[in-house]
Amino acid sequence: MKEQLTLLIQQALDALVADAVLPADTAPQIQIERTRDKSHGDLACNIALALAKTARRKPRELAEQICAAMPASPLVTRTEIAGPGFINFFLSDDTAQSVIRRIFEQGTAFGTNDSGAGRKVQVEFVSANPTGPLHVGHGRGAAVGDSLCRLLAATGWDVASEFYYNDAGAQIDNLALSVQARCKGLTPEDPAWPQDGYRGDYIAELAQAYLRGDTVDAEDRHVTGSGDADDLDDIRQFAVAYLRREQDLDLKAFAVHFDEYFLESSLYADGAVERTVARLVETGHCYERDGALWLRTTDYGDDKDRVMRKREGGYTYFLPDVAYHLNKWQRGFERVINEQGADHHSTVTRVRAGLQALQQGIPEGWPDYVLHQMVTVMRDGEEVKLSKRAGSYLTLRDLIDEVGRDATRFFLVARAPNSQLTFDIDLALSQSNENPVYYIQYAHARSCSVMRKLAEQGWDWQAQDALQHLDQLQEEHEKTLLRELDRYPEIVANAALNSEPHTVATYLRELAGAFHTWYNAHKMLVEDRPVRDARIALSQAVGQVIANGLDLLGVSAPEVM
RNA sequence: GGGGGUAUAGCUCAGCUGGAUAGAGCACCGGCCUUCUAAGCCGACGGUCGUAGGUUCGAAUCCUACUACUCCCGCCA
């Protein structure tokens, strides 16, 4: 639609250049935008405002000339000059109604496009360390990351989702020591409790399972505890598997799937870390100081250099991070999006710097990052403090159990990742009726309900017949809905392009609102068959788009509520 | 002190990459169920878009400087 109007404008401009109204080198960007106010038509173009100066004419006067030079088109019933010099387009009824035909033809594919052209993209998200259950912050990452995957797939990318976890570092040692302490009957209050040990109750449960000799089946590993409280290595293996399984269950309950679980330890095992160090030394961006090996990340915009190998010989997390991302690059992901908490912001510059220092032809801004801000949880009007080590804990699973998966996902994905989010449990619990997700789902359920009612009345409805009567959609509310439906493909395209899943949620809220308004204002199941057929077609189209949109958010579209 | 982020209605947030009179939802007030699901609808109320400059036909949106809140600044991840 926009493309076709752009073409019309372009033809008009060409004609004006030929008439020497515009200079020959005129090459403006033609912007067509949707109008906010219906009295301004359906679409508008600001080209006359933009070109007024070079044309040395008043904007409105130039707009007149552009309109006069524009070829006629069946898409448009009329154009109008308005305001300071906008050209407003009024689409023909047939053009506006054709969106229903497209929705019926494309079904669940309506709104998708192939702009990704099958290129490989990886989205890494959650990536929680196996040192405790997933909390609400991880939930935000899961909701946003999974929705990003769906959006990218919907726009033609070949998407791979990945969960990276540290199964070898200092935090894991810390975990093993904490479990061992529990095995030996210590509690966090005990003076002999490990420094910075994990204090949560789940550590005690874990210790019991280990002592019992339980077998755990995690997504990527299966371990049986020996029950030997002195075998720290065995405890480590068991604890990691145990917590990985817990996280798997959380993710399953959240309907989030990963194609790959990537172990940090594998980077050591296959020599990738060593090779990365060697390469960095080779390219000359390293130096030794105070017994440690440093990478001169300041060469690439960091505010200070970073240690890669510690004085005592071990590596900092920074180095495996670089090795890991090199691995991603070598796997052929031309685009990688890392969804993480904003508290990891400082790694962005560092990882990119490390990759540049490798001199492997990796683009400068690679990889992309989507950082989400903190989630604050409120209960009884007070902030719930989350601290793994202190043991005060509200897990993602608690939240799903309390308010449901759909509501949890919707809440966590419905806001711009870059703004802080307050998750008010009391609101989500006691007033779940006011939850926006129900509002949207209800619109979908209503569109399904009408079909059931139709059958009860013994009436028949066929899509192909109904499409013959779309000209019956003459109510203002119906025209509003048609406009809303027509926006959807752009919403999806922009959400994917800008990594902003929340815009889909905003859109669905608006579409559902327009539907409810119409539903209350006009009856669908009327005696007049052409009108009835057309209205049901509209209702079905809305239901389809809501279902498509909710799916991009990982939220269900129930047929009955 | 350095860096990231945020600041829009009483509260929670949108604002389509610079457009026309800044929008929703809660909350509060007033209406609508013998009619396809009232988890709904309609109306009213509510704003110096943090402050001050700048860029231009035009700024909530872009730039600069302040202010407030928040996160990060480890040879932890």
Base, sugar-phosphate, or nothing: which does [X] touch, judged by heavy atoms less than 4.0 Å apart?
X         : result
His40(A)  : base
Asn88(A)  : base
Ala292(A) : base
Ser449(A) : base
Ala82(A)  : base
Tyr519(A) : base
Arg309(A) : nothing
Val560(A) : base
Ala414(A) : nothing

- Which value, in whole Å, describes the distance between the P atoms of nucleotides A22(B) and A27(B)? 26 Å

- Message: If I pick the P atom on C32(B) and the same atom on U48(B), what distance separates them, to the nearest angstrom?
- Response: 34 Å

[X] [atom1] to [N] [atom2]: how many Å, rounded?
X         : N      : atom1 : atom2 : answer
Lys304(A) : C75(B) : NZ    : C1'   : 11 Å
Gln457(A) : U35(B) : CD    : C1'   : 11 Å
Asp305(A) : C75(B) : CG    : P     : 11 Å
Gln31(A)  : G58(B) : CD    : P     : 17 Å
Leu319(A) : C75(B) : CG    : P     : 14 Å
Lys523(A) : U35(B) : NZ    : C1'   : 5 Å
His522(A) : C41(B) : NE2   : P     : 14 Å
Asn520(A) : C36(B) : CG    : C1'   : 11 Å

- Item | Residues within residues 500-507 of chain A bordering RNA chain B, heavy-atom distance below 4.0 Å | His502(A), Thr503(A), Thr506(A)

- Item | Donor-acceptor pair present, Asn46(A) side chain and G19(B) base, under 3.5 Å | yes

- Query: Ignoring hydrogens and angles, does a donor from either the side chain of Tyr438(A) or the base of A39(B) sit under 3.5 Å from an acceptor on the other?
  - Reply: no

- Query: Ion pair present between Asp303(A) and Arg306(A), side-chain N to carboxylate O less than 4.0 angstrom?
  - Reply: yes

- Query: Between Glu478(A) and Arg535(A), is there a salt bridge with N-O shorter than 4.0 Å?
  - Reply: yes

Which nucleotide in the set [options] lies at the smallest distance from any side-chain heavy atom of [X]?
X         : options                : result
Thr422(A) : G19(B), U21(B), U12(B) : U12(B)
Gln420(A) : G5(B), C36(B), G19(B)  : G5(B)
Arg36(A)  : C72(B), G5(B), A20(B)  : A20(B)
Lys310(A) : C41(B), U6(B), C76(B)  : C76(B)
Pro84(A)  : A77(B), G19(B), C76(B) : G19(B)
Leu49(A)  : C57(B), A39(B), C75(B) : C57(B)
Ala44(A)  : C42(B), A77(B), A20(B) : A20(B)
Asn166(A) : A77(B), C72(B), C16(B) : A77(B)

Exercise: do [X] and [Y] side chains pair donor with acceptor under 3.5 Å:
X         : Y         : result
Thr480(A) : Lys38(A)  : yes
Arg446(A) : His516(A) : yes
Ser115(A) : Asn113(A) : yes
Ser556(A) : Asp406(A) : yes

Any side-chain N or O of [X] under 4.0 Å from OP1/OP2 of [N]?
X         : N      : result
Tyr488(A) : C16(B) : no
Arg415(A) : A14(B) : no
Ser346(A) : G4(B)  : no
Arg509(A) : G23(B) : no
Thr35(A)  : G19(B) : no

- Take atom CD in Glu559(A); do more than 12 heavy atoms of anything else shown fall under 6.0 Å from it? no

- Evaluate side-chain contact (heavy atoms from CB on, under 4.5 Å) for Leu538(A) paired with Leu482(A), printing each intermediate quantity in order. CA-CA 8 Å; Leu538(A) 179 57; Leu482(A) 290 171; 3.9 Å; yes

- Residue whose closest nucleotide on RNA chain B lies nearer the 5' end, Leu454(A) versus Ile87(A): Ile87(A)

Across all strands shown, which nucleotide pairs with [N] by Watson-Crick or G-U wobble geometry, both distances under 3.5 Å?
N      : answer
C41(B) : G31(B)
U17(B) : none
C11(B) : G25(B)
U64(B) : A52(B)

- Any side-chain heavy atom of Val504(A) sitting closer than 4.5 Å to one from Leu151(A)? yes

- Task: Please tell me if the side chains of Tyr369(A) and Ile337(A) come closer than 4.5 Å, counting only heavy atoms from C-beta onward.
- Result: no

- Task: Decide, applying a 5.5 Å centre-distance limit and a 30° plane-angle limit (both strict), whether Tyr439(A) stacks on A39(B).
- Result: no

- Can you check whether Phe163(A) and Phe125(A) have ring centres sitting under 6.0 Å from each other? no

